[in-house]
Amino acid sequence: MIYKIVVEKKDRQYDVTGLHLVSQIELLDIHDVEAARFAYAYYLKSDQLIPSAVYDIAGRLLADPVTETFHVEVIDGAPRNQLTPRIHELEIALNHGVTDATASQVLTAVRQMGFDCAAVKLTRLYALEGDITADQLSQIARKLLFNPVIEHIVEKGEQPFITIVQEEPRLEMLPVGKMSDEELMALSHNRLWLNLKEMRTIRDYYAAAGRDATDVEIETLAQTWSEHCSHKVFRARLVIDGQPRESFIKRIKKVTTTLNKPWCLSTFVDNSGVIEFDDNWGVCFKVETHNKPSSIEPFGGAHTGAGGVIRDIMGTGLGAKPVANTDVLCFAPPDMDWKDIPSGLLHPKRVMQQVVAGIEDYGNKMGIPTVNGGVCFSERFLGVPLVYAGSVGVIEKDCALKGQPRPGDRIVLIGGLTGRDGIHGATFSSGELTHMSETISSQSVQIGHPLVQKKALDALLDLKQERLFHAVTDCGGGGLSSSVGEMGNPGGVTVELSHVPLKYPLPFVSEYWISESQERMLFAVPSENMDLFREICRRHDVVMADIGQFTDNGKLTLRFKDKDVAVLDMEFLHEGCPHREYDLKNPTSALRPEQFLPPPTADALTEGLLKTLAHLDVCSKEPVARVYDHEVQGKTLVKPYMGGKQRGPSDGAVLKPIYDSNHGVIIANGINVRYGLIDPYRMGLSVVDEAVRQVVALGGSIDYTAILDNFSLPSPENLQTVLDLNRVVDGLCEAAMAYGLPIISGKDSFYNQFQTDNGAVIAVPPVLLVSSICVIDDVDKVIPNYIYSPQGRLYIVGLTRDELEASCYFAQTGQSGTSIPTVDLDINKNVYGRLHRAMRDGLVMTAHDCSDGGLAVAAAELVIGSDYGLEIDLARIPYEGRKRPDFVLFSESNGRLLVVVDAASASAFEATMAGVPCAQIGSIIPRNELVITDGGKKLLSLSGEKLYAAWHAPIAAII
Amino acid sequence: MARPKALIVFAPGTNCDEEALYCFQKAGAHADRVLVSDLFESQVDYREYQILAFPGGFSYGDCIAAGRILANYLETQLADLVREFVEKDKLVIGICNGFQTLARLGVFNADVGRITLERNESLKFECRWVRMRVPDNADTIFVRGITDIWMPIGHGEGRVLASSPAVIDSLMADGRVALQYAPHYNDGEPLYPENPNGSERAIAGLTDTTKRIFGLMPHPERFLTAGHCFVRLGTHPKIPANATLGMKVFQNAVGYFS
């Protein structure tokens, strides 16, 4: 007998899924759905259950007695009743054969209640009301309601329980050694994403070996040699303007090795960079991109992006504990008109909402606070949004170094089951997206399951406590192929693929190996520890499998049921990929013409400020920050929004990751998506300066600050991309070297572009995200970024110049000209050093960084976050250039902070800052108001509430 | 009496256990984090403990509903666990997901009807600091000496709803409402987001009839030092320099046995 129990909300106001669905359908440009209702259906299969027991299960376990109602049906195979024509019902079920963790939890619960039950299946029911066509219904279903890789729409009369017979997975033989160039490229196209030179190298390997390749071998090579896994552009030989230059990766690493900071514990060799925290602990930090998966399926892409970087922390050294997340996102403007969205792309508002929801779900369920981030906008992110997910962990110092597997160690896989998720994910991320990508690459999107990863984390920490393994790493892009391949390099590995636990039967042997299913961690475990290892996994309800062993024969050997399916030399796999070479010439750059409006009137200046506050890069991101739990673990001291009104934006986050240590960690991010198109070099300098300035604003010292670099660029086949990158890397390395900031980890992402059906390319601008981490020895010395006192003097440190090109103010008022902000590295370093000394001496009450929108925005934010106000005299601001009031207010010159100093400390502060640009420009006033004067003449005054309304509205309309 | 022992129950998906454990230890208890399956397999004897705590998180991934699977586990596999603490003059606290779990067990229901925790009225998960008041007639040990307290919340399903208005009246009359959201800087009724989830009568925390089981949505364990507060204590005119820390809830519980 099969019972179907349908549980739904009694009142539509509680039907969150239904309510959200209506607004999501609007974002598909379908406007005729008036209402949507949602319900769960639970199918129970049992020969013993009597109806009263079914009602008992429904009433006590499945339905909420206060807000939900249920009904029970007996399934007899008869077609369901005809419904009214305006109501469209859809039932979504997992495909037969797909492991359903939720159903098995319900089954366990039913049995725990003492009832006999053979199986449980869950489905989701949607009822849409409105005049919609069958085509629209199918579009809604496909885009919002189910993922065809694992789910389907239930058909009339379909039996809920069907047993699937597993067929033997197939192995394909490929005669690559004998292929012509054309055949090689046909094989590579849309599958391997390797170029002809690389394909020929593979052909030569097999021709010399005198044998055919298996598809497992070819897929392994494609994955290991993909841009995503092997960073070909970063390792390429470079000749720029006739001069040989070191590869990008060498230039970046050189900064770290030259600086040689004793507190850097592990850089560039592990899943994250590790620096010293105190005598016992280290902190590790990693930021990654997950751009292309997020453009195709924003929730899943961001979800697994967040999950993936958390695993990078878990897989650092001998296992770290994640304590904070940070996320920086770039989207197209969410208010774009439908007619401007090419076919094959999602509306940017939907992309943004779903990306935020994905990060929220994963971070919150892992119990890791998302403490800091940023959101930037440009129409150039319409094709591919940028999703930077970062995570910070703590690790015992004696566990900070990467472990080494020993020959004979077992290869143990724990956590998630393996399915077709993310097949070709790494290779796919090494190619351009097109309007067909949504269909072709749908299976490249991974499905996340944070509960599985949370359990794996709990198990990992216990396994580490018992010292049961020699090495650990995560399975990320490239799946087992990449993680086993790297962990087993150069020694060798022998893997039995049939031991990999599956979600459902896989048709190809190669998929066992290259699947990018989430939540998997890989360990090297000495045989004698296996029993205890297994027991700890059992206690945490974590799946584990012994899939092979580490060897010392220098070979990657894969077997399926004892039969060899791949045998590759480790050296060829990891070193065989031919180097790329670029011989490039910088074009002579043309300056953009100056287009200035006449100096603004008082009214125009007021309007300019309100408009600049509403610029999407400037406006408040509070609605985003609120859906992320930023307090879990009880370690967050400085939160995203602080002060009595909880709306004063912080320049970064401060954590106290070890309860009994007074040391702390500052986390901040520097990014600019407007400068790179005009001057990639200055963009590189600027974002380093911003990332450091924010650390300084919170009381951190640049002497204990490390940074991460994360590049997002269009296709490197377009040589301008490589030229831009060259300049960005110059800016990054010069600034990092001058400030003494070791670069401890990084990542690059190429091919962030989309080709529309008429052949136009929407490419991202060159973007560098610099994330900073600073260890402080006393969290009580942290400087607030909000005003908490009715009195005090306001200073600006740093020099303001005519640097408004691509500024938020110029964007909002249609002006152009002057230049992208540069960075005077010597002056700024001096400013930051002295300001830090003033802070250590207790001379500073509040500091706030001036960046997007300039000092006017920084001042407005201080007023917004406070009960008090500021009065500022523009005439007193140290300035170089045409001192127009609007230029002074909105210039985005680097190296500047607003600083509030108590009158009693003013002379000591000024003495400390002597010799660097620093001036008192105003003071705190008791009213909650921003007043700007120019030599005594009042230019504008705006109340805190008016400023807040303009600044808060744009994102509040979306999230 | 010797140091009381606190048992922090840990299920798959629990994620506020570390800070709860630390708070109990800091408050003077001997505290252990124990997997719920270890309790079932009798690897740990819960009768040795005086305080039972269900911390926050997403136990079992919030399968079916928040706290439901864990509640079913407790009800069917460990039926004596909560009873042991209630009947022997011991204490039980459920925070956030722990509150949701205990609510599913029915311990906060009144004779006249039931209560539940529904999705927030804003339809969103929200993380922010809120101010709460302790009603005059609330007399649970956990909030002793507290009249007014700030704590962070972080939840998507914290809206207290009842099967009828009489349920809330009865909980109020019986002194079982232990915490109510309050306006941040003035008198009167709290508006959104001061009442962050739309709870009836702005209820943030409840007790059972014995007043020894306490469930609350906000997180006292996240306010463990002054430095955790969203303002610098001593600088805001409406927040006392010696504001009550969330730690006080744990000190109260431990103090009951000391």
Side-chain angles (χ1 to χ4, degrees), chain A residues 13-14 16 19-20 40 60-62 64-68 101-102 105-106 108-109 112-114 360 364-369 449-451 454-455 458 539-541 625-637 639 641-644 646 656 659-660 779-780 782 784 786 788-789 867 959, chain B residues 10 12-16 18-19 22-23 26 35 37-38 56-58 60-65 68-69 72-73 75-77 113-116 118-119 121 123-129 152 154-156 161-163 184-185 193 219 221-225 227-228 230-232 235-239:
Chain A
Q13 64 159 317
Y14 305 136
V16 178
L19 293 169
H20 276 309
Y40 276 114
R60 280 171 52 205
L61 181 68
L62 303 177
D64 186 277
V66 177
T67 56
E68 288 176 335
T102 315
Q105 284 186 356
V106 175
T108 306
Q112 284 169 351
M113 291 172 81
E360 168 196 336
N364 291 359
K365 286 188 174 161
M366 283 297 292
I368 302 167
H449 205 320
L451 176 64
K454 177 64 169 66
K455 292 191 290 189
D458 295 329
R539 290 180 64 231
H540 286 284
D541 189 29
R626 293 273 170 239
V627 302
Y628 304 148
D629 193 332
H630 44 255
E631 300 273 2
V632 60
Q633 298 193 15
K635 296 166 183 169
T636 314
L637 302 188
K639 311 149 204 316
Y641 293 87
M642 295 285 285
Q646 297 183 60
K656 186 171 179 287
Y659 297 128
D660 283 322
V779 292
D780 296 330
V782 166
Y786 58 93
Y788 56 82
S789 161
D867 290 321
I959 301 290
Chain B
F10 182 81
T14 300
N15 64 31
C16 304
E18 187 192 7
E19 52 272 46
Y22 181 77
C23 285
K26 199 81 186 158
L35 273 165
S37 51
D38 284 354
F58 293 81
Y60 298 95
D62 277 2
C63 174
I64 303 177
R68 182 66 62 79
I69 294 282
N72 190 69
Y73 193 102
E75 195 173 354
T76 60
Q77 311 301 301
R114 302 159 180 269
I115 72 107
T116 192
E118 189 44 74
R119 284 291 297 194
E121 200 173 12
L123 308 183
K124 289 192 284 197
F125 181 100
E126 287 195 55
C127 182
R128 59 173 77 250
W129 283 67
H155 62 249
L161 292 177
S163 53
H184 288 180
Y185 302 116
H219 288 274
E221 80 283 15
R222 297 183 186 179
F223 190 10
L224 32 102
T225 70
H228 284 77
F230 64 103
V231 291
R232 177 163 287 214
T235 64
H236 196 280
K238 298 255 171 98
I239 302 174

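Letters A, B, ... are given to chains in the order of the sequence lines, protein chains preceding strands, and every chain is numbered from 1. Remember, it's a predicted structure, so these values are computed and weren't measured experimentally.
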- Please flag which part of A/H20 lies under 4.5 Å from any non-hydrogen atom of chain B: side chain, backbone, both or neither. side chain
- Item | For A/V66 against B/S163, the heavy-atom pair lying closest together | CG1-N, 3.8 Å
- Query: Any side-chain heavy atom of B/R68 within less than 4.5 Å of one from A/D64?
  - Reply: yes
- With sequence neighbours excluded, residues passing ring pair (Phe, Tyr, Trp, His ring centres under 6.0 Å) with A/Y14: none
- Report yes if some heavy atom in the side chain of A/V632 is under 4.5 Å from a heavy atom in the side chain of B/E19; otherwise report no. yes
- Ignoring hydrogens and angles, tell me if any N or O in the side chain of B/Y60 forms a donor-acceptor pair with the backbone of A/T102 under 3.5 Å. no
- Task: Under 4.5 Å heavy-atom distance to chain B, tell me which part of A/K639 shows up: side chain, backbone, both or neither.
- Result: side chain
- Query: Looking only at atom types and distance, does a side-chain atom of B/K124 sit under 3.5 Å from a main-chain N or O of A/V627, one as donor and one as acceptor?
  - Reply: no
- Item | Which atom of A/L61 lies closest to which atom of B/I64, heavy atoms considered | O-CG2, 3.5 Å
- Query: Does A/Q633 use its side chain to pair, donor to acceptor, with the backbone of B/C16 at less than 3.5 Å?
  - Reply: no
- B/G61 and A/K365 have their tightest heavy-atom pair at O-NZ, 4.5 Å
- Item | Interface moiety of A/Y628 toward chain B, non-hydrogen atoms closer than 4.5 Å | backbone
- Task: Show the numbers, then the answer: is there a side-chain contact (heavy atoms from CB on, under 4.5 Å) between B/H219 and A/E631?
- Result: CA-CA 9 Å; B/H219 288 274; A/E631 300 273 2; over 6 Å; no
- Exercise: identify the closest heavy-atom pair between A/G643 and B/V231: C-CG1, 3.3 Å
- Message: Side chains of B/R232 and A/M642, heavy atoms from C-beta outward: is any pair under 4.5 Å?
- Response: no
- Message: Between A/S789 and chain B, with a heavy-atom cut-off of 4.5 Å, which part of the residue counts as in contact: side chain, backbone, both or neither?
- Response: neither
- Query: Between B/E18 and A/K635, is there a side-chain N and carboxylate O pair less than 4.0 Å apart?
  - Reply: yes
- Go through the atoms of A/Y40 and report whether side chain, backbone, both or neither lie under 4.5 Å from a heavy atom of chain B. neither
- Would B/C127 and A/H630 count as a side-chain contact (heavy atoms from CB on, under 4.5 Å) if you check the C-alpha gap in whole Å, the side-chain angles of each, and the deciding distance to 0.1 Å? CA-CA 7 Å; B/C127 182; A/H630 44 255; 3.5 Å; yes
- Query: Is it the backbone or the side chain of A/E360 that comes under 4.5 Å from a heavy atom of chain B, or both, or neither?
  - Reply: side chain
- What distance do A/L451 atom CG and B/D62 atom CG have between them, rounded to the nearest 0.5 Å? 9.5 Å
- Message: Let me confirm one number: the CG-CE distance from B/N15 to A/M366, rounded to the nearest 0.5 Å.
- Response: 9.0 Å
- Message: I'd like to know whether B/K238 forms a salt bridge (charged side-chain N to carboxylate O under 4.0 Å, His left out) with A/D867, so could you lay out the CA-CA distance, the side-chain angles of the two residues, the decisive distance to 0.1 Å, and finally the verdict.
- Response: CA-CA 11 Å; B/K238 298 255 171 98; A/D867 290 321; over 6 Å; no
- Task: Can you tell which part of A/L19 gets under 4.5 Å to a heavy atom of chain B, answering side chain, backbone, both or neither?
- Result: side chain
- From A/T67 atom OG1 to B/L161 atom CG, the distance as rounded to the nearest 0.5 Å: 7.0 Å
- From A/Q105 CD over to B/Y73 OH, what is the distance, rounded to the nearest 0.5 angstrom? 12.5 Å
- Message: A side-chain contact here means heavy atoms from C-beta on lying under 4.5 Å apart; do A/N364 and B/F58 qualify?
- Response: yes
- Test B/L35 against A/H540 for side-chain contact (heavy atoms from CB on, under 4.5 Å), laying out the working first. CA-CA 8 Å; B/L35 273 165; A/H540 286 284; 4.1 Å; yes
- Task: Measure distances from B/H155 to the heavy atoms of chain A and classify the residue's part below 4.5 Å as side chain, backbone, both or neither.
- Result: neither
- Message: Does atom CZ (B/R114) have a neighbourhood of more than 12 heavy atoms from anything else shown, all under 6.0 Å?
- Response: no
- Message: Would the distance check show the side chain of B/H228 and the main-chain N or O of A/G634 forming a donor-acceptor pair, the cut-off being under 3.5 Å?
- Response: yes
- Tell me, for B/F223 versus chain A, whether the close heavy atoms (under 4.5 Å) come from the side chain, the backbone, both or neither. neither
- For B/E121, enumerate each residue passing the side-chain contact (heavy atoms from CB on, under 4.5 Å) test, keeping only those at least two apart in sequence or located in another chain. B/R159
- Task: Look at B/R222 together with A/D629 and state whether they make a salt bridge at an N to O cut-off of under 4.0 Å.
- Result: yes
